[in-house]
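Here is the structure we will look at.
Naming convention: chains lettered A, B, ... in sequence-line order (proteins, then strands); numbering from 1 in each chain. Since the structure is predicted, the reported quantities are computational estimates derived from the model, not experimental observations.
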Protein chains: 2
Amino acid sequence: MAGLSDRKQKILQAVVTDYIQTAEPVGSRSISRRYKLNLSAATIRNEMSDLEELGFLTQPHTSAGRIPSQQGYRFYVDALMGPPNLTRQEETYLANVFTQLQKMREIDQIIQQTAKVLSVLTSYTSLVLGPQFRHSAFKQMRLVPLDEQKALVVLITSVGHIKHRVINLPQALSSQELNQIVSYLNEQLAGQTIENLSATRLRQLRSDLYARIDLLSQVLQLLDESSADGEGRVFLGGTSNILNQPEFKDVEKIKHLLTLFEEGSRLTFVLETSSEGVSIRIGTENAITEMSDCSLITATYQLDNRPVGAIGVMGPTRMEYSRVITIIEHIASHLNFVVQDL
Amino acid sequence: MAGLSDRKQKILQAVVTDYIQTAEPVGSRSISRRYKLNLSAATIRNEMSDLEELGFLTQPHTSAGRIPSQQGYRFYVDALMGPPNLTRQEETYLANVFTQLQKMREIDQIIQQTAKVLSVLTSYTSLVLGPQFRHSAFKQMRLVPLDEQKALVVLITSVGHIKHRVINLPQALSSQELNQIVSYLNEQLAGQTIENLSATRLRQLRSDLYARIDLLSQVLQLLDESSADGEGRVFLGGTSNILNQPEFKDVEKIKHLLTLFEEGSRLTFVLETSSEGVSIRIGTENAITEMSDCSLITATYQLDNRPVGAIGVMGPTRMEYSRVITIIEHIASHLNFVVQDL
DNA sequence: CTTTAGCACTCATAAACAGAGAGTGCTAAG
DNA sequence: CTTAGCACTCTCTGTTTATGAGTGCTAAAG
């Protein structure tokens with residue numbers, strides 16, 4: 001697998017970069033012309049034939065050029081990929097974006113804006129998973145009475161995520177008692193991460209306050225929902241960008257992807273399961289069948305050294321890997337700061 | 001314009017219903033076969049020729065069948081459209097949905113679910129505009145201190161919409177002073193609609209509290225943003241449904257629509273400007289050029305007899321108007337109750 | 001005067017076909 | 001081991017041809 005001669009590597013690299021640019025099968029001739037390898041077309045032809053045998057290239061049909069196979073892209077990404085090539089323009093654009101993001105206060109806005117920026121910069125489709133409630137720490141809880149029977153529970157966590165819910169008040173409770181319950185809960189829950197709450201802790205609380213079950217259970221339900229699916233929302237950017245890719249001129253393919261985009265939960269899953277740091281999944285490495293001819297590059301962002309969310313870019317397997325990777329790295333690392341400040 | 005002979009109307013109706021079903025130009029022959037008009041193809045041919053002259057039908061090319069023109073659809077919708085035809089299945093499905101919606105507490109969830117239901121039932125794309133903050137009345141405001149320098153402003157309105165924002169506290173303020181300001185604001189703003197606040201009222205408040213400008217301006221900014229674009233978010237459902245329509249097999253068209261879908265503000269505008277009750281806009285009646293071969297059916301929903309939001313369904317001009325209209329009416333009227341209960 | 005049958009004509013769509021071009025694989029020579 | 005040459009393959013494009021649905025017109029029938 002690793003035993004590719006230097007020359008084969010150079011040729012593979014040429015094929016991949018050429019195909020990434022043109023989206024057309026690349027022939028021996030055009031390589032010997034465009035890349036300074038000082039080899040004749042015939043030699044390259046032989047090498048390409050070998051590379052096909054080894055599984056790095058494929059032929060759409062006899063007597064067409066070669067295109068990289070999934071394995072070919074994998075090798076390219078792991079070993080051959082050139083350095084990023086961001087233009088100065090793009091870098092200043094990035095810098096501008098960062099100062100703008102810095103100013104925003106609402107997490108939703110930040111997430112959405114991030115998605116947009118990612119898609120504009122890369123001209124692929126971007127996915128951004130908002131900070132996950134259940135990874136963040138409980139900070140404070142407040143009860144705002146609305147009228148005789150209703151009150152607003154406000155839950156504040158360390159990622160600046162604020163969750164609220166109107167609940168019904170048992171009429172038997174005096175405002176004093178209410179305050180007691182709230183401050184008791186605040187005391188008990190302070191600093192815990194939401195996901196750690198579910199099991200033992202909540203049961204204990206429940207028995208402590210067994211007299212107030214009614215009220216409590218509503219609050220706990222809010223906690224529970226938050227920890228379950230609630231906040232795992234994925235924001236998309238540039239969904240129409242995929243249509244610019246020649247590999248998606250087929251309406252059926254588009255339909256598959258669009259319906260995938262509508263199923264938030266599956267997207268959430270993909271992003272949640274992405275490993276820490278930058279991860280690159282090519283074609284069928286993606287587990288989601290609809291994405292089997294796409295590549296997905298993701299990165300996580302952290303809060304207090306714990307990954308709380310992820311950003312990603314999806315494009316055809318013929319994707320500008322190095323470019324996207326550097327952009328994603330920049331944005332993810334910056335997002336760390338932005339989230340920290342909330 | 002209104003002077004269409006009875007027979008012409010029957011034929012026009014036949015053409016429209018046929019075309020709605022088949023999406024193919026319909027010829028004189030198939031009408032005399034499929035519809036019991038007791039007229040020969042030739043007669044129908046003559047009538048159709050007249051209808052074309054009058055602008056109700058068009059021919060894609062000589063010697064093809066006719067398809068309804070925009071004017072044709074308009075006449076159909078205004079005068080010819082048959083009664084709704086919901087199956088019993090669909091009605092029970094609707095009933096189920098309603099009980100489910102009733103249970104939800106979070107406005108976002110309700111909106112999103114509504115969008116989904118609308119798109120599933122109609123198999124077109126649905127747009128739902130959440131309740132507009134600026135039409136709703138101010139109810140209460142709270143300040144939750146987070147730490148020495150920061151506090152959370154919570155704004156509660158009568159549509160059950162809750163808006164929050166972290167703001168910086170001027171250190172000079174004691175908690176007593178804070179409370180004073182808050183209760184003063186509550187007093188002054190109670191019952192006002194958000195949109196009425198902007199102009200004179202705010203200026204007055206600003207001068208009243210001129211000493212506390214720093215704090216106040218942040219709060220006011222929150223109010224302002226809410227009244228501006230903030231809450232006018234549109235949720236989409238079934239975006240992939242358009243791909244099932246044969247008129248959208250062209251990738252360019254799809255791209256135009258998808259990019260339109262990404263521009264939330266333009267969609268907001270369309271829904272905001274829809275007149276009270278059910279409105280039907282066919283083709284270029286839509287003002288948005290990207291939608292010039294689509295039709296949009298919208299309905300508003302109310303709170304306290306004021307329209308606060310809208311729902312809509314978008315499909316090709318060849319849309320099942322009567323079906324969609326009844327579905328939309330049902331859902332909108334139900335939404336009135338759901339919103340009321342929040 | 002209206003309706004209908006008959007017929008020639010039009011036009012899009014599909015299938016069949018030829019030619020061009022790009023690329024390969026193989027063979028033989030450097 | 002490299003390269004030039006050549007025959008072969010396969011896609012793509014444009015052209016031609018056939019088919020069929022549908023129209024418009026004319027003339028006869030009601």
Side-chain angles (χ1 to χ4, degrees), chain A residues 3-12 14-19 21-69 72 246-247 249-251, chain B residues 3-12 14-16 18-19 21-69 72 246-247 249-250:
Chain A
L4 281 189
S5 75
D6 204 49
R7 197 170 68 179
K8 281 199 174 56
Q9 295 198 15
K10 282 220 177 70
I11 289 175
L12 178 55
V15 173
V16 175
T17 54
D18 202 79
Y19 185 67
Q21 277 172 26
T22 64
E24 308 239 308
V26 21
S28 53
R29 190 73 201 286
S30 47
I31 286 191
S32 79
R33 242 188 295 114
R34 274 202 275 274
Y35 300 83
K36 316 246 163 160
L37 300 179
N38 293 321
L39 294 172
S40 76
T43 314
I44 294 178
R45 213 144 47 224
N46 289 329
E47 293 286 45
M48 281 169 85
S49 182
D50 291 356
L51 282 170
E52 181 171 6
E53 191 115 358
L54 292 170
F56 293 95
L57 296 177
T58 4
Q59 247 176 332
H61 54 269
T62 343
S63 92
R66 304 295 207 302
I67 67 178
S69 69
E247 32 266 276
K249 63 181 205 303
D250 176 22
V251 181
Chain B
L4 281 189
S5 75
D6 203 50
R7 198 169 69 178
K8 282 200 174 57
Q9 294 197 15
K10 283 221 178 70
I11 290 175
L12 178 55
V15 173
V16 175
D18 203 80
Y19 186 67
Q21 277 171 27
T22 64
E24 307 238 308
V26 21
S28 54
R29 190 72 203 285
S30 47
I31 285 191
S32 78
R33 244 189 293 114
R34 274 202 275 275
Y35 301 83
K36 316 243 163 162
L37 300 179
N38 293 319
L39 293 172
S40 76
T43 314
I44 295 177
R45 213 146 46 225
N46 289 329
E47 294 286 46
M48 281 169 84
S49 182
D50 290 357
L51 283 168
E52 180 170 6
E53 191 115 355
L54 293 169
F56 294 96
L57 296 178
T58 4
Q59 247 177 331
H61 55 268
T62 340
S63 90
R66 304 296 209 298
I67 66 178
S69 70
E247 32 265 277
K249 62 183 209 300
D250 176 22

(request) State, yes or no, whether a side-chain contact exists between Asp18(B) and Ile31(B) at a heavy-atom distance under 4.5 Å. (result) no
(request) List in numerical order all residues of residues 26-36 of chain A for which some heavy atom is under 4.0 Å away from an atom belonging to DNA chain C. (result) Gly27(A), Ser28(A)
(message) Counting C-beta onward and ignoring hydrogens, is there a side-chain heavy-atom pair between Leu51(B) and Val15(B) closer than 4.5 Å?
(response) no
(request) For DNA chain C, find the residues of residues 42-54 of chain B with a heavy-atom distance under 4.0 Å and give them by number; none if there aren't any. (result) Ala42(B), Thr43(B), Arg45(B), Asn46(B)
(request) Would you check if Val26(A) and Arg34(A) make a side-chain contact, meaning some heavy-atom pair closer than 4.5 Å? (result) no
(request) Output the distance between atom CG (Asn38(B)) and atom NZ (Lys36(B)), rounded to the nearest 0.5 Å. (result) 9.0 Å
(request) Please state how far atom NZ in Lys8(B) lies from atom P in dT2(C), giving the value in whole angstrom units. (result) 10 Å
(request) Using chain A heavy atoms and a threshold of under 4.0 Å, write down where along DNA chain D the contacts begin and end, 5' to 3'. (result) dT2(D) to dT11(D)
(message) Reading DNA chain C from 5' onward, which residue's closest nucleotide shows up sooner: Thr62(B) or Leu39(B)?
(response) Leu39(B)
(request) Take the protein atom NZ of Lys249(B) and the nucleotide atom C1' of dT13(C), then report the distance between them rounded to whole Å. (result) 12 Å
(request) Indicate the atoms forming the closest heavy-atom contact of Leu39(A) with Ser32(A), along with that distance. (result) O-CB, 3.4 Å
(request) Calculate, to the nearest 0.5 Å, the distance between atoms CG and CD belonging to Leu54(A) and Glu47(A) respectively. (result) 10.0 Å
(message) Using whole Å, what does the distance between atom P of nucleotide dG23(C) and atom CZ of Arg66(A) come to?
(response) 12 Å
(request) Locate the shortest heavy-atom distance separating Pro68(A) from Tyr19(A); write the atom from each residue and the value. (result) CD-CD2, 3.5 Å
(request) Using heavy atoms to find the nearest nucleotide of DNA chain C for Pro60(B) and Ala41(B) separately, return the residue whose nucleotide is more 5′. (result) Ala41(B)
(message) Would you compute the distance between atom CD1 of Ile67(B) and atom CD of Gln59(B) and round it to the nearest 0.5 angstrom?
(response) 10.0 Å
(request) Test for a donor-acceptor pair under 3.5 Å between the base of dT10(C) and the side chain of Ser63(B), counting only N and O atoms. (result) yes
(request) Look at the side chain of Ser69(A) and the backbone N and O of Gly55(A), then say whether any donor-acceptor pair between them is shorter than 3.5 Å. (result) yes
(request) Could you tell me the separation between the CD1 atom of Ile44(B) and the OH atom of Tyr35(B), rounded to the nearest 0.5 Å? (result) 11.0 Å
(message) Tell me which one of Arg66(A), Arg45(A), Lys8(A) satisfies salt bridge (charged side-chain N to carboxylate O under 4.0 Å, His left out) with Glu52(A).
(response) Arg66(A)
